[in-house]
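Here is the structure we will look at, set down as structure tokens.
None of the values given here were measured: they were computed from a predicted structure. Numbers restart at 1 for each chain; the letters A, B, ... are given by sequence-line order, proteins then strands. Hydrogens, waters and symmetry mates are skipped; everything else that's a heavy atom, side chains included, is used.
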2 protein chains.
Amino acid sequence: MKLITKNTDYAVRALLVLGGHPQEYISARQVALEQLIPYQYVRKLLRKLMHYDLVVSRDGAGGGFTLKSSPSKIKLADIIRIFQGDIQLSECMFRKKICPQRSRCVLRTHIMSIERLVEKEFNGITLESMLKELKGKK
Amino acid sequence: MKLITKNTDYAVRALLVLGGHPQEYISARQVALEQLIPYQYVRKLLRKLMHYDLVVSRDGAGGGFTLKSSPSKIKLADIIRIFQGDIQLSECMFRKKICPQRSRCVLRTHIMSIERLVEKEFNGITLESMLKELKGKK
DNA sequence: TTATCTGAGACTATTTTAGTATCAGTTAAG
DNA sequence: CTTAACTGATACTAAAATAGTCTCAGATAA
Ligand code: FES
Ligand code: FES
């Protein structure tokens with residue numbers, strides 16, 4: 001069971017790179033090199049982060065990506081949601097209007113509360129807090 | 001992001017069926033019918049539960065499966081571990097001796113503590129408690 | 001002896017995750 | 001005004017995880 005996929009992991013690292021160079025445009029190539037992420041792959045991730053308004057890009061030579069908003073506003077939970085979708089109970093169809101099993105489903109309420117707990121934890125971790133930790137390690 | 005896969009979900013349902021008929025041997029067919037799980041699939045799950053000592057089987061006509069130990073001893077966390085493996089951080093290689101990224105890895109400690117939190121929650125849910133809830137719903 | 005069961009293992013299918021390749025268009029700098 | 005360093009978009013392929021099927025040998029109750 002994985003709480004975090006490679007996608008998310010890479011995305012966080014990429015954002016940390018951008019966060020490490022405020023106001024600068026950093027190319028995908030540089031991110032790939034700094035974090036040892038496959039070049040084309042990180043480009044894809046960065047583009048996705050752009051679609052979700054976490055970063056902005058600039059075309060052409062000297063271009064690249066930079067954070068759109070302050071690191072304190074970027075939560076780990078957001079990143080996870082972008083790359084792994086919402087936290088959700090297996091095949092339980094309770095999102096699809098009415099689940100036929102619902103009346104005798106025992107897992108549902110438990111999972112939902114644990115999901116909320118996890119979400120809360122992930123919400124407490126921001127890019128800012130991660131950047132600080134990183135500085136502490138250097 | 002899924003905390004629970006279909007595997008686990010089915011397995012829990014199967015165990016609930018067995019738990020609903022203490023001391024009786026229930027056939028895979030009956031479990032499949034009661035819970036609308038594909039027959040061959042549930043057989044495979046039950047066999048796995050047997051390998052992990054949660055249930056015992058009896059061959060031949062009138063045979064089937066029954067819980068090996070008391071429902072109070074069967075934790076949701078056990079079932080998840082059987083079907084989804086340990087909770088673990090993405091590709092972080094810190095299990096493999098030394099991870100090259102470790103020194104500048106910021107996610108590791110966070111994820112580990114959240115993993116422990118989740119594990120603790122799942123440990124608090126037993127087959128017994130689920131059976132009780134189910135009775136309350138009937 | 002037959003119908004009903006499990007054990008085991010090989011398969012196939014589907015979905016999710018990871019990664020690559022290509023091409024058109026933008027921009028800075030010589 | 002050409003070239004090198006970029007991004008946007010999209011279509012791919014590959015690998016891994018999950019879900020589900022099929023078949024056959026052997027056990028057992030009736
Ligand atoms: S399976 Fe639908 S409510 Fe749980
Ligand atoms: S990636 Fe290895 S310690 Fe985090």
Side-chain angles (χ1 to χ4, degrees), chain A residues 1-11 13-14 18 24-33 35-53 55-66 68 79-80 82-92, chain B residues 1-11 13-14 18 24-33 35-66 68 79-92:
Chain A
M1 171 187 221
K2 278 189 240 168
L3 288 186
I4 299 280
T5 61
K6 231 165 171 175
N7 260 338
T8 305
D9 188 45
Y10 284 165
R13 292 173 195 282
L18 302 191
E24 280 177 58
Y25 281 85
I26 309 296
S27 74
R29 179 141 270 129
Q30 187 175 339
V31 173
L33 290 176
Q35 292 289 349
L36 305 174
I37 306 173
Y39 172 62
Q40 292 294 353
Y41 200 63
V42 83
R43 284 193 58 201
K44 195 147 104 175
L45 299 181
L46 284 165
R47 239 173 286 135
K48 196 161 185 179
L49 289 170
M50 186 187 63
H51 290 311
Y52 281 89
D53 268 346
V55 307
V56 268
S57 74
R58 197 166 62 183
D59 273 19
F65 301 84
T66 196
K68 181 159 186 185
I79 306 169
I80 291 178
I82 290 173
F83 292 98
Q84 304 175 222
D86 278 313
I87 298 179
Q88 63 190 224
L89 176 49
S90 73
E91 273 305 289
C92 169
Chain B
M1 173 188 221
K2 278 190 239 167
L3 289 185
I4 298 282
T5 62
K6 231 164 170 175
N7 261 338
T8 306
D9 187 45
Y10 285 166
R13 292 173 195 282
L18 302 192
E24 281 176 58
Y25 281 85
I26 309 295
S27 75
R29 178 142 270 128
Q30 186 176 340
V31 173
L33 290 176
Q35 293 287 349
L36 305 173
I37 305 173
Y39 172 62
Q40 292 293 353
Y41 199 62
V42 83
R43 283 193 58 201
K44 196 145 105 174
L45 299 181
L46 283 165
R47 238 174 287 137
K48 196 160 186 181
L49 288 171
M50 185 187 64
H51 290 311
Y52 281 89
D53 268 347
L54 293 193
V55 306
V56 268
S57 72
R58 196 165 62 185
D59 272 19
F65 300 84
T66 197
K68 183 160 185 184
I79 306 169
I80 291 178
R81 213 174 299 111
I82 290 172
F83 292 98
Q84 303 174 225
D86 278 314
I87 297 179
Q88 62 189 226
L89 176 49
S90 73
E91 273 305 288
C92 169

- prompt: Across the strands shown, which category fits F83(B) at heavy-atom distances under 4.0 angstrom: base, sugar-phosphate, nothing?
  reply: nothing
field: Gap between atoms CE and P, on M50(B) and dC5(C) respectively (whole Å)
entry: 17 Å
A61(A) or Y41(A), whichever maps to the more 5' nucleotide of DNA chain C: Y41(A)
message: Looking at Y39(A), I'd like to know whether one of its side-chain N or O atoms comes within less than 4.0 Å of OP1 or OP2 on dA21(C).
response: no
- prompt: To the side chain of D59(B), which of dT28(D), dA9(D), dT21(D) is closest?
  reply: dT28(D)
query: Taking atom P of dA13(C) as reference, at what distance in whole Å does atom NZ of K44(B) sit?
result: 14 Å
field: Minimum heavy-atom distance A28(A)-V42(A), with the two atoms named
entry: O-CG1, 3.7 Å
- prompt: Distance check: side-chain N/O of K6(A) vs OP1/OP2 of dG19(C), anything under 4.0 Å?
  reply: yes
task: Round to the nearest Å and state the distance from Y25(A) atom OH to dT26(C) atom P.
output: 17 Å
- prompt: Between the base of dA5(D) and the side chain of R29(A), is there a donor-acceptor distance below 3.5 Å?
  reply: no
- line: The single option from L46(B), V56(B), L49(B) that satisfies side chain to side chain contact (heavy atoms under 4.5 Å, CB included) with F65(B) is L46(B)
task: With the side chain of R43(B) defined as its heavy atoms from C-beta on, choose the nearest nucleotide among dT21(D), dG8(D), dT6(C).
output: dT6(C)
field: Nearest-nucleotide pick for P38(A), side chain only, options being dT10(D), dA29(D), dT20(C)
entry: dT20(C)
- prompt: So, the side chain of T66(B) versus the backbone of E24(B): is there a donor-acceptor pair under 3.5 Å, distance only?
  reply: yes
query: What is the distance from NZ of K48(A) to C1' of dG19(C), rounded to the nearest Å?
result: 14 Å
query: To the nearest angstrom, how far is Q30(B) atom CD from dT4(C) atom P?
result: 14 Å
task: Take atom CD of Q40(B) and atom P of dT12(C), then tell me their distance rounded to the nearest Å.
output: 16 Å
message: Check this for me: does the side-chain of R58(B) come within 3.5 Å of the base of dA27(D) through a donor and an acceptor?
response: no
message: Looking at dG7(C), I'd like to know if its phosphate oxygens (OP1 or OP2) sit under 4.0 Å from a side-chain N or O belonging to S57(B).
response: yes
query: Would you say H51(A) reaches dA9(D)'s phosphate, i.e. side-chain N/O to OP1/OP2 under 4.0 Å?
result: yes
message: Tell me if a side-chain donor or acceptor on Q84(A) pairs with a main-chain N or O of L3(A) at a distance below 3.5 Å.
response: yes
- line: Winner on side-chain proximity to R47(B), out of dG9(C), dT4(C), dA18(C), is dG9(C)
- prompt: With a 4.5 Å heavy-atom cut-off, do L54(B) and K68(B) have their side chains touching?
  reply: no
- request: Could you state the atom-to-atom distance from CG of D9(A) to C1' of dG19(C) in whole Å?
  value: 15 Å
field: Side chain of T5(A) (C-beta onward), nearest among dA5(D), dG7(C), dT17(C)
entry: dT17(C)
field: Under 4.0 angstrom between Y10(A) side-chain N/O and dG19(C) OP1 or OP2
entry: yes
task: Check the distance between dA19(D)'s P and I4(B)'s CD1 and give it to me in whole angstrom.
output: 11 Å
field: Earlier contact from the 5' end, DNA chain D, for F65(A) and G62(B)
entry: F65(A)
task: Report yes if the side chains of L45(B) and V31(B) come closer than 4.5 Å at any heavy-atom pair, otherwise no.
output: no
